[in-house]
Amino acid sequence: MERFNAVVIGLGKIGQAFDYDQPDDSLIATHASAYYYHPGFELLAGVDPLPSERKRFEAKFQRPSYADIKTMMKHHQPDIFSIAVPINQHLSVFQEIIYCKPKAVICEKPIASSVAEGRLMQSMADDHQCALLVNYIRRFEPGSIILKRIIREGVIGDIFKGVVWYSKGLLNNGTHFIDLLCYWLGEVTGVEVMEKGRQWGGNDPEPDVCMHFDKAEIYVLAGREECYSIGEIDLIGSAGRIRYAESGKQINIYKTEPDPVIEGYTILRREPEVIATDLKRYQWHVLEGLYCNLTCAAALASDGRTAIKTMEAFELVSKNIRKETQ
């Protein structure tokens, strides 16, 4: 089996912390653990400016870590880089590593601080024949893939309306669900800001928005992270309903049937069809998608181009918010 060497740049939450205390592969929620457990990859090293994070990495994975990319490259020649640093550093880190001739880069979402930066990254990836995967994890999760097929096959008819609940900022968390809707329904064709809302962390808007996807109107509504985290999608079709709950841990399909009591009425079945999910191992599935791309030329479910479309939708919302405040 062909194997690819990988380095994780940024050893914070998604880099190594989310599943740090997990003793096995039943939870794979970070780049480091995914490389460690997936048979198609070899975890070479980590990079982080904080000595405390480097010490944690070395203790768990028994691999070296470095304070910067330049020093790491003196010792290793990785095939794959994961960029797990803050958003405003994505472009600068990408510009540094692309000249190291990687086969692929996995960049945390969103792709960059702006559409313009994302386009520059994709252009550089194309020039260097480097695969650019953006870590919108749900596009690779088996339940979401099955749900896409169900939607495309018209199992619940034409989707005409829906509601999304998100918390912790539209950019940080909300774009996960905007991107997933793009994966299922196609591109965003228009947006209307219903309520501009507040700012999460001082710089991430939390608006209530109506987004248009071809024939569907989807209402994207902000919760309050300090009360509780929320991430849900409810899609209404002409022949059924989809409930995507607990950020994707539960997916239920409710099909229609004749009302057994009142003749001429149609209702939703009480018992749903349950779609199996594996969100606890989402980062493993991301690597499986990348491995198929590298070895079999399979298309990436999430790449720079799809992530730019999601960023365009976010920037359109931000533009409309600014118009309202002027």
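Please read all numbers here as calculations on a predicted model, not as lab measurements. Starting from 1, each residue takes its place in the sequence as its number. Values reported hereafter were calculated over all heavy atoms of this structure, with side chains retained and with hydrogens, waters and symmetry mates removed.
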(message) A quick test of your reading: do over 12 heavy atoms of other residues, nucleotides or ligands sit less than 6.0 Å from CZ of R152?
(response) yes
(message) Using a 3.5 Å distance criterion without hydrogens, assess whether the side chain of D208 forms a donor-acceptor pair with backbone atoms of A222.
(response) yes
(request) Examine the side chains of Q22 and D24 and answer whether a donor and an acceptor come within less than 3.5 Å of each other. (result) yes
(request) Start with the C-alpha gap between K161 and D234, add the side-chain angles, then the distance that decides, and say whether salt bridge (charged side-chain N to carboxylate O under 4.0 Å, His left out) holds. (result) CA-CA 9 Å; K161 195 164 288 188; D234 191 358; over 6 Å; no
(request) Please list, chain by chain and in numerical order, all residues satisfying side chain to side chain donor-acceptor pair (under 3.5 Å) with S33, sequence neighbours excluded. (result) D19, T30
(message) Can you confirm whether K148 is buried at NZ, in the sense that more than 12 heavy atoms of other residues, nucleotides or ligands lie under 6.0 Å from that atom?
(response) yes
(request) Identify whether I145 and I137 are in the same connected component of the hydrophobic contact network (ILVMFWY, side-chain heavy atoms under 4.5 Å). (result) no
(message) Test of understanding: with side-chain contact (heavy atoms from CB on, under 4.5 Å), list the residues that count as partners of E192, not counting sequence neighbours.
(response) C210, H212
(request) Considering non-hydrogen atoms only, spot the tightest contact between A112 and M121 and give its length. (result) CB-SD, 4.0 Å
(request) Not counting sequence neighbours, which residues clear side-chain contact (heavy atoms from CB on, under 4.5 Å) with E153? List them please. (result) R149, V155
(request) For H128, enumerate each residue passing the side chain to side chain donor-acceptor pair (under 3.5 Å) test, keeping only those at least two apart in sequence or located in another chain. (result) none
(message) So if I apply the ring pair (Phe, Tyr, Trp, His ring centres under 6.0 Å) rule between Y35 and each of F41, F57, F61, W284, which one comes out positive?
(response) F41
(message) Please determine whether a side-chain nitrogen of the Lys or Arg among D48 and K55 lies less than 4.0 Å from a carboxylate oxygen of the Asp or Glu.
(response) no
(message) Return the CG to OH distance between D25 and Y36, rounded to the nearest 0.5 Å.
(response) 10.5 Å
(request) Could you pull out all residues at least two apart from E257 that satisfy side-chain contact (heavy atoms from CB on, under 4.5 Å)? (result) I267, R269
Under 3.5 Å, which donor-acceptor pairs do the side chains of residues 92-111 form with other protein atoms, sequence neighbours left out?
unit_1: S92; atom_1: OG; unit_2: Q89; atom_2: O; d: 3.1
unit_1: K103; atom_1: NZ; unit_2: D79; atom_2: OD1; d: 3.4
unit_1: E108; atom_1: OE2; unit_2: H31; atom_2: NE2; d: 2.8
unit_1: E108; atom_1: OE2; unit_2: N135; atom_2: ND2; d: 2.5
unit_1: K109; atom_1: NZ; unit_2: N172; atom_2: O; d: 2.3

(request) Nearest 0.5 Å please: distance from the CZ atom of R139 over to the CG atom of L133. (result) 10.5 Å
(request) Give every residue pair that meets the ring-ring contact (aromatic ring centres under 6.0 Å, His included) criterion with at least one member in residues 166-196, sequence neighbours excluded. (result) Y136-H176, W184-Y244
(request) Could you tell me whether a side-chain N or O of S318 sits under 3.5 Å from a main-chain N or O of F314, the two making a donor and an acceptor? (result) yes
(request) Give a yes or no on whether a salt bridge exists between E141 and R138, defined as a side-chain N under 4.0 angstrom from a carboxylate O. (result) no
(request) Apply side chain to side chain donor-acceptor pair (under 3.5 Å) to E187 and list each qualifying residue two or more places apart in sequence or on a separate chain. (result) none
(message) Under a 3.5 Å distance rule, please check whether N173 uses its side chain to pair with a backbone N or O of S167 as donor and acceptor.
(response) yes
(message) Any carboxylate oxygen within less than 4.0 angstrom of a Lys/Arg side-chain nitrogen, looking at E58 and R63?
(response) no
(request) Answer with yes or no whether the hydrophobic clustering places V115 together with M124; edges join I, L, V, M, F, W, Y residues whose side-chain heavy atoms lie under 4.5 Å apart. (result) yes
(message) Considering only residues two or more places apart or on different chains, which pairs with a residue in residues 62-82 satisfy ring-ring contact (aromatic ring centres under 6.0 Å, His included)?
(response) Y66-H75, Y66-H76
(request) List, by chain and then residue number, the residues other than V274 in its hydrophobic cluster (Ile/Leu/Val/Met/Phe/Trp/Tyr, side-chain heavy atoms under 4.5 Å); write none if there are no others. (result) none
(message) With a 3.5 Å distance limit and no angle check, can you tell me whether D204 reaches the backbone of L171 through a side-chain donor-acceptor pair?
(response) yes
(message) Under a 4.0 Å threshold between the charged nitrogen and the carboxylate oxygen, would R243 count as salt-bridged to E232?
(response) yes
(message) Closer than 3.5 angstrom, by distance alone: can the side chain of E315 be matched with the main-chain N or O of M311 as a donor-acceptor pair?
(response) no
(request) Under the side-chain contact (heavy atoms from CB on, under 4.5 Å) rule, collect the residues that match up with P142, sequence neighbours excluded. (result) D278, H285
(message) I'd like to know if the side chain of R3 reaches the main chain of P39, judged simply by a donor and an acceptor atom lying under 3.5 Å from each other, with no hydrogens or angles considered.
(response) yes
(message) Restricting to non-hydrogen atoms, name the atom on G157 and the atom on A239 that form the minimum distance, rounded to 0.1 Å.
(response) N-CB, 3.7 Å
(request) Supply the atom-to-atom distance L132 CG to C130 SG, rounded to the nearest 0.5 angstrom. (result) 6.5 Å
(request) Taking the side chain as every heavy atom from C-beta outward, state whether T306 and D303 have any pair of such atoms under 4.5 Å apart. (result) yes
(request) Drop me the distance from I218's CD1 to M211's CE, to the nearest 0.5 angstrom. (result) 10.5 Å
(request) Using only heavy-atom distances, determine whether the side chains of N203 and Q199 contain a donor-acceptor pair under 3.5 Å. (result) no
(message) Treating Y20 as the side-chain partner and R56 as the backbone partner, does any N or O pair qualify as donor plus acceptor under 3.5 Å?
(response) yes
(request) Measure the spacing between CG of L11 and CG of L50 and express it to the nearest 0.5 Å. (result) 9.0 Å
(request) Using the rule that two of Ile, Leu, Val, Met, Phe, Trp, Tyr join whenever any of their side-chain heavy atoms come within less than 4.5 Å, decide whether I253 and I236 are in one cluster. (result) no
(message) If you compare all heavy atoms of A131 against all heavy atoms of L300, which two are closest, and at what distance to 0.1 Å?
(response) CB-CD1, 4.3 Å
(request) Of all the heavy-atom pairs spanning T189 and F213, show the shortest one and how long it is. (result) OG1-N, 4.1 Å
(message) For E271, I'd like to know if atom CD has over 12 heavy atoms of other residues, nucleotides or ligands within 6.0 Å.
(response) no
(message) Show, in sequence, the C-alpha distance, side-chain angles and deciding distance for R119 and E312, and conclude whether the salt bridge (charged side-chain N to carboxylate O under 4.0 Å, His left out) test is met.
(response) CA-CA 11 Å; R119 288 173 178 164; E312 286 174 343; 2.7 Å; yes
(request) Could you pull out all residues at least two apart from T71 that satisfy side chain to side chain donor-acceptor pair (under 3.5 Å)? (result) D68
(message) For a 4.5 angstrom cut-off between non-hydrogen side-chain atoms, does P258 reach T266?
(response) no
(message) Check whether T175 reaches the backbone of I178 with its side chain - one donor and one acceptor, N or O, closer than 3.5 Å.
(response) no
(request) Kindly indicate whether the side chain of N5, heavy atoms from C-beta on, has any atom under 4.5 Å from the side chain of I80. (result) no
(request) Verify the neighbour count for atom CZ of R224: are there more than 12 heavy atoms of other residues, nucleotides or ligands below 6.0 Å? (result) no
(message) Closer than 3.5 angstrom, by distance alone: can the side chain of H90 be matched with the main-chain N or O of V85 as a donor-acceptor pair?
(response) yes
(message) With a 3.5 Å distance limit and no angle check, can you tell me whether Q16 reaches the backbone of K13 through a side-chain donor-acceptor pair?
(response) no
(request) Answer with yes or no whether the hydrophobic clustering places I233 together with I151; edges join I, L, V, M, F, W, Y residues whose side-chain heavy atoms lie under 4.5 Å apart. (result) yes
(message) Please report the interatomic distance CG(L147) to CG(L235), rounded to the nearest 0.5 Å.
(response) 7.5 Å
(request) Measure across Q283 and I14 and return the closest heavy-atom pair with its distance rounded to 0.1 Å. (result) OE1-CD1, 4.3 Å
(message) I need the minimum non-hydrogen distance between S65 and R54, along with the two atoms involved.
(response) OG-CB, 3.0 Å
(request) Decide yes or no for I275 and N252: does some side-chain heavy atom of the first lie under 4.5 Å from some side-chain heavy atom of the second? (result) no
(message) In terms of relative ring orientation, are H38 and Y291 parallel, tilted or perpendicular, with 30° and 60° separating the classes?
(response) tilted
